[in-house]
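Only this structure's heavy atoms are used, side chains among them; waters, hydrogens and symmetry mates stay out. These figures come from a predicted structure and were not determined experimentally.
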Amino acid sequence: MPRDGAGPDFIEALARGLDVITAFKAGRPVMTLAEVATATGLARPTARRILLTLAELGYVRAGERGFTLTPRVLDLGVAYVDALGLWDVARPHLERLVERTGESCSVAQLDGSDIVYVARVAVPKIVSLTVQIGTRFPALPTSLGKVQLAALAPDELERVLAEPTRSGLVARWRPDGEERDAALREVRARGWALTDEQLAPGIRSVAAPLRDGEGRVIAGVNVNCHAAETPVAHLLEHHLPLLLQAAGDISADFASRERLPRVTAPAS
């Protein structure tokens with residue numbers, strides 16, 4: 001139905017699309033078509049067309065249990081972060097990790113062949129690339145990307161990496177298929193990833209995967225440092241054990257949050 005007070009320049013279809021995006025909130029990150037229609041007050045055929053359009057644009061993904069937002073929604077605002085709740089879970093652990101390492105720490109998720117930063121606690125240091133929530137980098141030359149790419153099935157990995165990056169950045173490390181597969185096998189075997197100036201000069205980091213309650217890799221968390229200040233040996237001997245502990249704690253807290261009963265307030 002048209003909205004009350006909509007002027008002659010109001011685009012109803014755009015408003016409906018935004019209604020569908022914002023229907024995904026904390027406590028309901030996965031929604032069926034029927035749930036989307038109910039939450040937005042749209043007819044099911046209209047809701048279906050909007051969902052399929054958003055899926056075509058990369059903002060929504062269809063799964064076995066329903067529809068979910070993708071990290072691409074971060075280009076529009078914070079709807080994705082609110083729906084997932086990962087920032088609320090990760091924040092205290094990231095803050096503690098920063099205190100113990102003295103380095104910036106971040107959480108990022110895959111979006112096609114890129115990673116997108118969804119949580120970050122930074123320390124003031126001069127680095128070659130600026131990072132904030134919503135920043136995207138090519139996944140393969142980053143530690144955050146490697147731990148997530150390593151968890152993909154071979155066919156899915158090829159499909160993901162076939163997508164062009166939307167980061168606008170050309171990485172220093174551009175391996176062929178054999179070198180790439182060998183690097184990801186190593187990540188799978190040891191459970192964490194290192195990148196040493198593969199993305200850009202001066203950037204060195206180590207990352208670990210974050211998992212949901214079913215053991216699926218949903219993101220990566222890292223410790224990032226300047227290559228001129230922190231040797232690889234110190235990164236692995238001191239920072240890595242702290243990072244692995246934090247990754248386990250974040251994953252456990254996220255799994256516990258998923259298990260919390262969802263209470264729906266009755267309509268007034």
Side-chain angles (χ1 to χ4, degrees), residues 70-75 78 80-82 84-151 165-169 171 187 191-212 217-227 229-230 232 234-236 238-251 253-254:
T70 75
R72 189 164 295 180
V73 174
L74 289 172
D75 294 340
V78 299
Y80 179 75
V81 175
D82 286 343
L84 189 63
L86 188 55
W87 170 231
D88 291 334
V89 172
R91 184 199 309 240
H93 300 287
L94 292 182
E95 291 174 344
R96 190 175 307 115
L97 188 58
V98 168
E99 290 176 0
R100 301 176 73 182
T101 63
E103 305 288 358
S104 298
C105 301
S106 305
V107 173
Q109 292 187 289
L110 279 180
D111 180 25
S113 63
D114 292 336
I115 56 165
V116 179
Y117 284 77
V118 298
R120 179 168 171 83
V121 178
V123 296
K125 290 191 176 184
I126 298 176
V127 293
S128 57
L129 295 174
T130 300
V131 178
Q132 58 189 2
I133 303 300
T135 294
R136 63 173 60 238
F137 292 137
L140 190 57
T142 68
S143 61
L144 287 164
K146 287 176 185 174
V147 294
Q148 296 178 78
L149 293 171
T165 177
R166 299 200 301 123
S167 68
L169 180 70
V187 172
W192 51 269
L194 171 73
T195 186
D196 189 7
E197 300 188 274
Q198 293 176 325
L199 179 64
I203 295 179
R204 178 176 289 160
S205 70
V206 65
L210 297 179
R211 301 178 184 275
D212 64 12
V217 175
I218 57 170
V221 57
N222 82 342
V223 175
N224 183 80
C225 60
H226 198 291
E229 297 178 354
T230 306
V232 172
H234 184 69
L235 183 62
L236 298 183
H238 181 266
H239 295 349
L240 177 58
L242 299 174
L243 171 69
L244 294 175
Q245 178 182 345
D249 292 342
I250 294 171
S251 296
D253 284 357
F254 188 77

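Distance alone, capped at 3.5 Å, places no donor-acceptor pair between the E197 side chain and the I203 backbone.
The side chain to side chain contact (heavy atoms under 4.5 Å, CB included) check on L242 picks up L97, R100, T101, H238, with sequence neighbours excluded. Residues satisfying the side-chain hydrogen bond (donor to acceptor under 3.5 Å, both in side chains) test with S205, not counting sequence neighbours, are S143. For A171, the side chain to side chain contact (heavy atoms under 4.5 Å, CB included) criterion is met by P141, L199, not counting sequence neighbours. With sequence neighbours excluded, the residues forming a side-chain hydrogen bond (donor to acceptor under 3.5 Å, both in side chains) with R166 are D75, listed by chain and number. For D196, the side-chain hydrogen bond (donor to acceptor under 3.5 Å, both in side chains) criterion is met by R204, not counting sequence neighbours. Taking the side-chain hydrogen bond (donor to acceptor under 3.5 Å, both in side chains) definition, one finds that E103 meets it with K125, T230, sequence neighbours left out. Residues forming a side chain to side chain contact (heavy atoms under 4.5 Å, CB included) with S251 (at least two apart in sequence, or on another chain): L210, R211. Residues that satisfy the side chain to side chain contact (heavy atoms under 4.5 Å, CB included) test with V98, not counting sequence neighbours, are C105, V121, V123.
Under the 4.5 Å side-chain criterion, counting only non-hydrogen atoms from C-beta, L140 is in contact with L149. Put simply, the side chain of L243 does not reach to within 4.5 Å of the side chain of W192, judged on heavy atoms. Contact check for Q109 versus Q148: side-chain heavy atoms found under the 4.5 Å cut-off. Side-chain contact between R120 and I133 is present, with at least one heavy-atom pair separated by less than 4.5 Å. Between I115 and L110 there is a side-chain heavy-atom pair separated by less than 4.5 Å. Using a 4.5 Å cut-off on side-chain heavy atoms (C-beta onward), F254 and I218 make contact.
Atom OG1 of residue T165 and atom CG of residue D111 lie 9.5 Å apart, to the nearest 0.5 angstrom. The CD atom of Q132 sits 11.5 Å away from the OG atom of S106 when rounded to the nearest 0.5 Å. How far SG of C225 is from NE2 of H239: 6.0 Å, rounded to the nearest 0.5 Å. The CD atom of Q245 sits 11.0 Å away from the CD1 atom of I250 when rounded to the nearest 0.5 Å.
The nearest pair of heavy atoms linking D114 to S167 is OD2-N, 3.6 Å. Nearest heavy atom pair, residue A208 against residue A247, reads CB-CB, 3.8 Å.
Among D253, V107, D249, the single residue meeting the side-chain contact (heavy atoms from CB on, under 4.5 Å) criterion with V89 is D253.
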